[in-house]
Enquirer: 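Next up is a structure, given as structure tokens.
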Amino acid sequence: VCVWGQAEPLNSNGQNSLLEEEEEEEEEGEDLFTGSLSVPLVLSLSRSLSLSLSLSLSLFPSVSLSLSLSLSLSLKATEEVSLDSPERDVLLSDGPSPVTPPASLISPHLPHNHLYTHCSFDEMEEEDTPDLFDISILVSDPEKTSMSLFKSPQATVRRRFSDFLGLHGKLATRYLHVGYLVPPAPEKSIVGMTKVKVGKDDSSSNEFVEKRRAALERYLMRTAKHPVLLKDPDLLTFLECSELPRALSTQALSGAGILRMVNKAADAVNKMTIKMTESDTWFEEKQQKFENLDIQLRKLHCSLDSLVCHRKELSVNTALFAKSAAMLGNSEDHTALSRALSQLAEVEEKVEQLHQDQAGADFYLLAELLADYIRLIGSVKGVFDQRVRLWQRLQDSLLLLQKKRDAEAKLHANKPEKLQQARDDIRELEGKVQQGERDFEQISKTIRKELFRFEKERVTDFKEVIIKYLESLVQTQQQLIKYWEAFLPEAKAIS
Amino acid sequence: MMEEEEAEESPPLSPSVIEGTEEVTPPLSVSPSTIRVTEAAQDGELLTFIIVSQKLSGTGEYHVDRTYEDFDWLQQHLFSLEDVPGIQGIIFPPLPARAQQNAPVKLVRQLGLLATGETWTPYCRALGAYLQQVAGHSLLSRTQHLETFLTSPEPPGRQKVKKGLFNRLSQAVEGIRKGRPHQGTEDVDDFFRTEREHNLSLTGLSRAAAERFLEVVQTEQKIAVACGHFAASLQLCVEAGDDPGQETFSKMCVKISEIMESMKKNVQKVAENDVTTLGLGLDLECRYQEAEKEMLFRRTCKLVELETASRNAERAKPLKKAAMDGDQKAAEKDFEQVSVVAKQEVARVQRARVAVLRQALVRWCELQILTATSSAEQWNQQLLAFRGPARGPGPSS
């Protein structure tokens, strides 16, 4: 599957038609920003559960699950928590908490409406964030025209950002439970989107749009590469249908969003109390490896950030130098020297652009690769956690079964009328235990397969990036050579 | 490894380049173009420079060690030369500011581009250029002080500078500075009027250009550090490969680390090229403009002296008239001499700075091309090796 994309912020026509929605948005927006941001929510490095827990609690001074939407706290939600497993948030948006999943989740053929009715807060749902730019993504699938999944070899569709989030929500709900590594979707960003909505036509909002477009492209590619996910009807619909029902409950600060956060806190508590006796050392080793990798990648990402920053600085400084060279050239009496200095200024301006491009390569190739993998590791941790939960459930069922059996033994002696009931219960529980064991085995198997695929794909990804990066380096140098070779005669002409 | 067929150091600025094509017959026993400051040795706070020059007779070399105090001694003596008519009109070769280890921020800023290198090389080059300019100057090179400086085994300036040293130049200027302001003094000569304006604008612009260039170099150095950092961190990702998946991934990490290392070397080389060619050129240009500015100021002071003397002569009572007239005549003659020398000097420096900038730009350009070519080649090789012989989809080992 090849994916090309180009994002354009809506032109003035497009923006006009959405102004009404924008105004609705703006009202909320004002609420958001006039309140005081009392809690900084950048959970960047620490994944300690206690931290996330206390943070959530401080946001909700009265932790009540009756969540009315009259919360007047300004919440800067989980926006800029960029590398901290956002997939968990989105997972919970479209369905019930995984702590008690419906048994039918294993089959991938869940009807749509099932996903929306469980969340009772949906009635109070606000209008979804209308992200004001469309992305045209061309999905061309020449090699797979024979594949019956796709209706046609090529399709062009327009999708909103929230559509992507909606897709991810569905996929996550369906597949994460059973151990598939669902690639995480790019995060929402209030800061970034506000700039774009306000209509600022400066480089930072353009950069934001481009960054998001590239992230969505990578997300989609990664998802489509997954052999199981590719067959998912929702993904196919997403890629091919011209009209898509609007995804609800993806907004960060809606009732569903708040529910998400509370559930995450609840999860955190649960996880802290689960202590699994691991029978399979493979899982233990892998988990440790991924923990280490996570730490390393985060450090690297930091380092790389500073490199990108300096490269951009170099571009700016080169431009400044170009200007002063030009001024020097203008004031110079000596004709040939004056001309050479002016030429120098022009060359330096071109070099400035090269530095800018190189900074782009640094970022889009290397930095985003690292960021993607940090988020992916979040997914990996998610499936590991899921396995632990299944194990816990199994243990709970086993315990209950034992209790019921003990109780039955007693009943046998005292109250024969209740015996039948007890026996029925036990049979049901035995079924449950069996199912639980099957589930656990299945998820363990799936995880093994998924990790194997992950590691292969990782190698491919990194290799691809290395090649592209080397190409960018070579190209930059070759351009430099061209510029300087053109300048040299000018310099020599000074007499 | 970056292999470059580069000369060990860029060719020195020959006096014929700097000073024009004067026929120079100084009593100097060394050949001006061979004067080099080859190294700087550090002993605690003390910085000693080794100066090498070839004997004119072709029979050998002089090796002497000097400190900054010695350079200063030389410069002060040049300022106070006797028997040089119109000395005020000379644009003195500008001595770079004092350099020292752990210098206060103000001094470092003064040194600017000369202080950016990892080594003392740029600074040594600047000192060497200074000596060559002095040695190549038709009027200044005749002093015995220069000969002593370059050839005597004993350092000349180590004894304390005598308080009584008569620095005519600074004294004269000081006296007048305390008097009336001179910026507004109209010049009698069109040539100098335009020259003063021109110099004023060039002084500012060249300084600005040098400062911008310095910032470019400093950012390049920051990038080098960041690359090194990243490369080192990557090495930590490499784990002992027990399973093949892990092993291949580790290889990728090592690869990226190598690329980062080579990027670091490339940027370091670029920064070095920048400093040793265009950096030095811009720095010298700044100092030339400053030196010319000082000369023009001195000349203006002479003009003011002349105007004062003329006014006194006009108003003088008959008794003093003759004396005043004499004074006025002397001032006139002095001013004329200074102006004549000044004009020559302006032309000399103009030739010199154009030559310096030309060489700086040409050499800079050539080095850029060399570095870029070698880097492109290296990365291209890495790319071809990494891609593997066939354009297959699977990862190559």
Side-chain angles (χ1 to χ4, degrees), chain A residues 289 292-293 296-297 299-300 302-304 306-307 309-311 313-314 316-318 320-325 327-328 331-334 336-337 340-341 344 366 451-452 455-456 458-460 462-463 465-467 469-471 473-474 476-478 480-481 483-485 487-488 490-492 494-495, chain B residues 198 201-202 205-206 208-213 215-216 218-220 222-223 225-227 229-230 233-234 236-237 239 243 245-246 248-249 251-253 255-256 259-260 263 266 350 354-355 357-358 361-362 364-366 368-369 371-373 375-377 379-380 382-383 386-387 393-396:
Chain A
K289 284 219 175 104
N292 293 343
L293 189 60
Q296 296 306 336
L297 288 183
K299 272 202 213 128
L300 285 173
C302 258
S303 275
L304 200 53
S306 110
L307 173 64
C309 193
H310 290 317
R311 208 83 69 196
E313 208 185 309
L314 182 59
V316 167
N317 287 344
T318 307
L320 289 175
F321 173 65
K323 283 204 185 72
S324 39
M327 282 170 61
L328 207 51
S331 293
E332 179 56 54
D333 272 347
H334 192 279
L337 181 58
L341 286 171
L344 175 66
L366 292 179
L451 286 187
F452 181 70
E455 284 176 353
K456 262 181 66 186
R458 181 173 60 172
V459 166
T460 319
F462 271 66
K463 181 172 189 199
V465 161
I466 291 175
I467 289 177
Y469 194 68
L470 277 173
E471 282 173 352
L473 289 177
V474 171
T476 307
Q477 297 304 306
Q478 287 173 337
L480 277 175
I481 294 172
Y483 294 154
W484 293 122
E485 279 179 346
F487 177 70
L488 189 56
E490 282 290 341
K492 285 191 169 157
I494 305 171
S495 59
Chain B
H198 198 235
S201 93
L202 275 186
L205 292 177
S206 59
E211 281 171 2
R212 296 288 91 74
F213 196 67
E215 276 158 22
V216 168
Q218 285 172 333
T219 316
E220 286 165 351
K222 282 190 215 166
I223 289 180
V225 169
C227 285
H229 215 258
F230 187 72
S233 305
L234 258 173
L236 297 175
C237 271
E239 289 174 12
D243 62 272
Q246 184 64 44
T248 327
F249 179 63
K251 283 203 189 126
M252 302 281 139
C253 290
K255 191 73 210 165
I256 301 182
I259 297 177
M260 277 293 152
M263 244 169 62
N266 166 274
Q350 175 69 355
V354 169
L357 284 175
R358 178 191 188 279
L361 286 170
V362 168
W364 184 52
C365 202
E366 287 171 347
Q368 300 265 46
I369 294 173
T371 307
T373 311
S375 293
E377 185 51 40
W379 283 325
N380 206 26
Q382 288 186 351
L383 182 60
F386 193 71
R387 255 197 211 135
S396 66

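Predicted model, so just to flag it, every value in this text is computed and none were measured. In what follows, chains carry the letters A, B, and so on, assigned in the order in which the sequence lines appear, proteins first and then strands, with residues in each chain numbered from 1.
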Enquirer: Most heavy-atom pairs under 4.5 angstrom with chain B, which of A/Glu455, A/Glu490, A/Glu485?
Expert: A/Glu485

Enquirer: Side chains of B/Arg387 and A/Ile467: does their closest heavy-atom pair fall under 4.5 Å?
Expert: yes

Enquirer: Pick one of side chain, backbone, both or neither for B/Ile223, based on which atoms fall under 4.5 Å of a heavy atom in chain A.
Expert: both

Enquirer: Report the relative orientation of the aromatic rings in B/Trp364 and A/Phe321; use parallel for angles under 30°, tilted for 30 to 60°, perpendicular for over 60°.
Expert: perpendicular

Enquirer: Taking salt bridge (charged side-chain N to carboxylate O under 4.0 Å, His left out) as the definition, give me every residue that meets it alongside A/Arg458, ordered by chain and number, with sequence neighbours left out.
Expert: none

Enquirer: Looking at B/Glu215, B/Gln350, B/Met260, B/His198, which makes the most heavy-atom pairs under 4.5 Å with chain A?
Expert: B/His198

Enquirer: If you count heavy-atom pairs under 4.5 Å between each of A/Leu337, A/Leu473, A/Leu328, A/Val474 and chain B, which one has the most?
Expert: A/Leu473

Enquirer: Taking atom NE2 of B/His229 as the centre, report whether more than 12 heavy atoms of other residues, nucleotides or ligands fall under 6.0 Å from it.
Expert: no

Enquirer: Side chain, backbone, both or neither: which part of B/Gln218 has a heavy atom under 4.5 Å from chain A?
Expert: neither

Enquirer: As an exercise, state the distance from CZ of A/Phe462 to OG1 of B/Thr248, rounded to the nearest 0.5 Å.
Expert: 12.5 Å

Enquirer: Measure the spacing between OH of A/Tyr469 and NZ of B/Lys255 and express it to the nearest 0.5 Å.
Expert: 14.0 Å

Enquirer: Report yes if the side chains of A/Leu307 and B/Phe230 come closer than 4.5 Å at any heavy-atom pair, otherwise no.
Expert: no

Enquirer: Answer with side chain, backbone, both or neither: which region of B/Ser201 has an atom nearer than 4.5 Å to a non-hydrogen atom of chain A?
Expert: side chain

Enquirer: Out of curiosity, A/Gln478 CD to B/Thr373 OG1, how far, rounded to the nearest 0.5 Å?
Expert: 9.5 Å

Enquirer: What's the spacing between B/Cys227 SG and A/Arg311 CZ if we round to 0.5 Å?
Expert: 6.0 Å

Enquirer: Atom OG in B/Ser375, atom CD1 in A/Ile481: separation rounded to 0.5 Å?
Expert: 8.5 Å

Enquirer: For chain A, which of B/Gln382, B/Glu377, B/Arg358 has the most heavy-atom pairs under 4.5 Å?
Expert: B/Arg358

Enquirer: Which one of A/Leu344, A/Asp333, A/Thr318 has the most heavy-atom pairs closer than 4.5 Å to chain B?
Expert: A/Asp333

Enquirer: Which bit of A/Phe452 is near chain B, if near means a heavy-atom gap under 4.5 Å: side chain, backbone, both or neither?
Expert: neither

Enquirer: Less than 4.5 Å apart, side chain to side chain, heavy atoms only: is that true for A/Leu488 and B/Glu366?
Expert: yes

Enquirer: Looking only at heavy atoms, what is the nearest atom pair of A/Ser324 and B/Ala209, with distance?
Expert: OG-CA, 3.6 Å

Enquirer: Side chain, backbone, both or neither: which part of A/Leu314 has a non-hydrogen atom closer than 4.5 Å to chain B?
Expert: both

Enquirer: Most heavy-atom pairs under 4.5 angstrom with chain B, which of A/Leu366, A/Thr476, A/Leu320, A/Ile466?
Expert: A/Ile466

Enquirer: With heavy-atom distances below 4.5 Å as the criterion, would you say the side chains of A/Gln477 and B/Asn266 are in contact?
Expert: yes

